[in-house]
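Okay, so here's the structure we're looking at.
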Number of protein chains: 2
Amino acid sequence: MTITAYTKTVGEVAAQSGVAASAVRFYEQHGVVAAVRTQGDQRRFDESAACRIRVARMAQRVGLTVREIAEVFATLPRDPQPADWARVAEALVTEAEARTAALRDQLAAMRWGARPGDLA
Amino acid sequence: MTITAYTKTVGEVAAQSGVAASAVRFYEQHGVVAAVRTQGDQRRFDESAACRIRVARMAQRVGLTVREIAEVFATLPRDPQPADWARVAEALVTEAEARTAALRDQLAAMRWGARPGDLA
DNA sequence: TCGCGGGTTCGACCGATATTGAAGTCCACC
DNA sequence: GGTGGACTTCAATATCGGTCGAACCCGCGA
């Protein structure tokens, strides 16, 4: 049973997640990732940080805000297991599908400017 | 064959589409809707304007930007017919589904931190 | 003719999502 | 125990998607 430690620097997490270090700090400020501080006040992230950020970026593409993503991630325990990630993944995909379905339904419900007499 | 005229004021379009008049002007600036001007320099929109804006708002919910939406709408002719709207609707839903699929695929492709030896 | 409820432009401001730069600190390696 | 690269904070800047207010214009009805 390996204890997942807080060992990654902001730069390492940035490299592993494909975003700028400034974005990693931004995500920490907004609760997408968590960090502890060294004696010298530097951030140290755990293994899940890069993962969280990669997932967050994908979720942003389907219209979720950073706040919404942080809320979903708030349900993750420390050192998330595959089952925890699976649950989060499903929540995100379900939300994306719900929004797409809402788009489709509302589009379908529109009367498309069918002015009576126009097609008659 | 009714010729669709430019008759709606900003306020009318705003009311019909459920957004503020300032937003209608914003959408015009960004190519989501088009307007002609009266002698007195006032905007006049056609019937499709409110429709475009309602659709645009839905599309924003699934992560499309105003620019992307404007590009899709750029394919609409003047006085769009139901078939034109159907094509646009399909393009938007398809894009939303593609983004959701990308999210799901990338989530599925992740190794979920399965560190060798951890589950052993 | 006057009033007034719209419309107009323009620029300031907002919140979200970051990026950049300055000034200073930390720490890993030699 | 240096040195240099990576880290820190804070403020400014940028883009996106709007909103608001000021100051002004336009047309309609009393």
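The structure displayed is predicted, hence computed values, not measured ones. In the text below, chain A, chain B and the rest are named by the order of the sequence lines, each starting its count at 1.
Residues A/Arg87 and A/Thr75 have side chains in contact (heavy-atom distance under 4.5 Å, counting atoms from C-beta outward). Side-chain atoms of A/Thr7 and A/Asp46, non-hydrogen and from C-beta on, never get closer than 4.5 Å to each other.
Among the atoms of the strands shown, none is found under 4.0 Å from any heavy atom of B/Arg44. Looking at heavy-atom distances under 4.0 Å, B/Thr38 makes no contact with the nucleic acid at all. Looking at heavy-atom distances under 4.0 Å, B/Arg43 makes contact with sugar-phosphate atoms alone, never a base. Counting non-hydrogen atoms under 4.0 angstrom, B/Val10 reaches the backbone sugars and phosphates but no base.
Per the geometry, CG belonging to A/Asp41 stands 19 Å off P belonging to D/dA6, to the nearest Å. We find that CZ of B/Phe45 is positioned 16 Å from P of C/dG6, with the value rounded to whole Å.
Comparing A/Arg67 and B/Gly40 against DNA chain C, the residue whose closest nucleotide sits nearer the 5' end is B/Gly40. When the nearest nucleotides of DNA chain D are assigned to B/Arg57 and B/Gln39 by heavy-atom distance, the more 5′-ward of the two goes with B/Arg57.
Taken together through direct or relayed side-chain contacts under 4.5 Å among Ile, Leu, Val, Met, Phe, Trp and Tyr, A/Tyr6 and A/Leu76 form parts of separate hydrophobic clusters.
Checked by atom type and distance alone, the side chain of A/Thr9 pairs as donor or acceptor with a backbone atom of A/Glu12 at under 3.5 Å.
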